[in-house]
Each structure stands twice: as C-alpha cells, then as structure tokens.
Amino acid sequence: YIDHQKFSLVKKDPAYILVPTGGIGSDGYGGWHPSRESIKRVQFGKYLSEKYSIPIIIAGGGKNSVKEANLLADYFDYNFYFLETKSKNTFEMAVELKNQINLTDKPLLIATTPIHHLRTFLVLKKQNIEAMVPDEYIKNKRRVSYSILPSIDGYVEFNGLIYEYLGIAWYYLTNKI
C-alpha cells in the first residue's frame, strides 16, 4: 500500500518536506537535547530539501515544556518554512498542520523512518492532506547480525515494530485513520 505512494510513482512535485519530530531528552541539569531519531529525521529532511529544492516543515510539540520543533530549529539553524509546535503525537500533528497552514494541492514528502511512514501517511490522508514517501530512506549504519543469540539491536527493532503497529491499531480503533 505505502509503496504506491513513493515519489517516483506518484508523478507529482511535492510542496514541502514534512519532518515529524522524534523526541527530545533532558540531560538532568535543565538542558534539553534532540533525540538521535529527531536528528536523523531533520538531516534526512535537509537532504531531501536540497535535492528537490523545496522547503521544510518541522512538526512536533511533544509533552515537555520545551517544544521539540523549536529545539530542533535552534539546534540546526536551518531556514525552516514552518514550525508546528502544538501537537503531542502523529495524529495531532496532522490536525494542527491542516489548521495552521494553507497546504497547496501538492503533496507533502514525508521525511521519517520507513517504519513510521504508514502511520504518518494514514493520519495525513484522514485529514485530507496528500502525502507521499521518498524513494530514499534514512540510512541505517548498523550492521545486521545473523547470530543465533538475541542482540540488543534485535530487541530495539522489534520494540519499534510493535510500537508502530499498536499505534496503527489504536488510531484505527479511535477513528484517527
């Protein structure tokens, strides 16, 4: 389903790169820092923005006093088109984008990890926001281990998969997708 929404197959030029934030963390001393996932997403969004010459939207407020989109904008000092800072999750992000900016009839190009593409795509579609996924993906530098012994990387990947599919199931049951 999501493969049919790839940039090369949709045959439309995107209006914006959409980068959903991926969390921030406190250092315990009053400072806040972007998560590794947020950094990867913004860097990937910047790559896509430069490749296709289109502006970037950073979306995500988070659940802390410091807004994720604002922290990322300060951290990277890029020229972002728009910062959405009210949302606490992917569904709220789509609602806030629809309410806060005038989206054109061109689709958004989603800059997130492949595992998060489907849920992001579905919540945007529910809000009548056209979206597509890039042909490229965020590069994963980890080596795949084919050991008979379980690894921490395997547990992390499995946890991420369960989190996304439970999120999709919850959004479906609560009519958000």
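Please read these numbers as outputs of a predicted model, since none were measured by experiment.
- With rounding to the nearest 0.5 Å, the separation of CG in Leu109 from CD1 in Ile57 is 11.0 Å.
- Minimum heavy-atom separation, Ala111 to Gly45: CB-CA, 3.8 Å.
- Residues Leu72 and Phe80 have side chains not in contact (no heavy-atom distance under 4.5 Å, counting atoms from C-beta outward).
- Here salt bridge (charged side-chain N to carboxylate O under 4.0 Å, His left out) pairs that include residues 167-176, with residues two or more places apart or in two chains, number zero.
- Atom-to-atom distance recorded for Asn102:CG and Leu97:CG is 12.5 Å, nearest 0.5 angstrom.
- Atoms CD1 and CG, from Ile177 and Leu124 in turn, are 12.0 Å apart once rounded to the nearest 0.5 Å.
- Under the side chain to side chain contact (heavy atoms under 4.5 Å, CB included) criterion, Asn99 pairs with Val95, not counting sequence neighbours.
- Sorted by first and then second residue, the side-chain hydrogen bond (donor to acceptor under 3.5 Å, both in side chains) pairs with a member in residues 57-77 read Thr21-Glu68; sequence neighbours excluded.
- In this structure, the salt bridge (charged side-chain N to carboxylate O under 4.0 Å, His left out) partners of Lys51, at least two apart in sequence or on a different chain, are Glu136.
- Taking Ile, Leu, Val, Met, Phe, Trp and Tyr as members and joining any whose side-chain heavy atoms lie under 4.5 Å apart, directly or through other members, Tyr163 forms no hydrophobic cluster with any other residue.
- When all heavy atoms of Ser87 and Glu92 are compared, the closest pair comes out as CB-C, 3.5 Å.
- Every residue meeting the ring pair (Phe, Tyr, Trp, His ring centres under 6.0 Å) condition with Tyr81, not counting sequence neighbours, appears here in chain and number order: Tyr16.
- Residues that satisfy the side chain to side chain contact (heavy atoms under 4.5 Å, CB included) test with Lys106, not counting sequence neighbours, are Ala15, Thr104.
- Looking only at side-chain heavy atoms (C-beta outward), Phe44 and Ile17 stay at 4.5 Å or farther from each other.
- Rounding to the nearest 0.5 angstrom, the gap separating the OG1 atom in Thr90 from the CZ atom in Phe121 is 14.5 Å.
- Pairing each heavy atom of Ile54 with each of Pro14, the nearest pair is CD1-CG, 3.4 Å.
- Among residue pairs with one or both ends in residues 53-62, none qualify as salt bridge (charged side-chain N to carboxylate O under 4.0 Å, His left out); sequence neighbours excluded.
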Please lay out, stage by stage, how Asn89 and Val123 fare under the test side chain to side chain contact (heavy atoms under 4.5 Å, CB included).
CA-CA 11 Å; Asn89 56 48; Val123 296; over 6 Å; no
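- Judged purely by atom type and a 3.5 angstrom limit, Glu84 uses its side chain to pair as donor or acceptor with the backbone of Lys86.
- Between the CD atom in Glu130 and the NZ atom in Lys125 there is a gap of 10.5 Å [rounded to 0.5 Å].
- Taking OG1 of Thr112 as the reference point, atom CD1 of Ile110 lies at 8.0 Å (rounded to 0.5 Å).
- Residues Leu166 and Phe158 share a single hydrophobic cluster, defined by chaining ILVMFWY side chains whose heavy atoms lie under 4.5 Å apart.
- Two residues are said to be in side-chain contact when any heavy atoms from C-beta on lie closer than 4.5 Å; Tyr78 and Ser49 fail this criterion.
- Remark: the backbone N or O of Gly22 is paired with a side-chain donor or acceptor of Ser35 at under 3.5 angstrom.
- Between Leu18 and Ile129 the shortest side-chain heavy-atom distance does not fall below 4.5 Å.
- Evaluation of the side chain to side chain contact (heavy atoms under 4.5 Å, CB included) rule for Glu50 yields Lys46 as partners, not counting sequence neighbours.
- Residues forming a ring pair (Phe, Tyr, Trp, His ring centres under 6.0 Å) with Tyr171 (at least two apart in sequence, or on another chain): none.
- Considering only heavy atoms from C-beta on, Glu37 comes within 4.5 Å of Lys40 through its side chain.
- Residue pairs meeting the salt bridge (charged side-chain N to carboxylate O under 4.0 Å, His left out) criterion with at least one member in residues 162-175, sequence neighbours excluded, are Arg119-Glu164.
- Taking Ile, Leu, Val, Met, Phe, Trp and Tyr as members and joining any whose side-chain heavy atoms lie under 4.5 Å apart, directly or through other members, the hydrophobic cluster of Val66 also contains Ile24, Trp32, Leu71.
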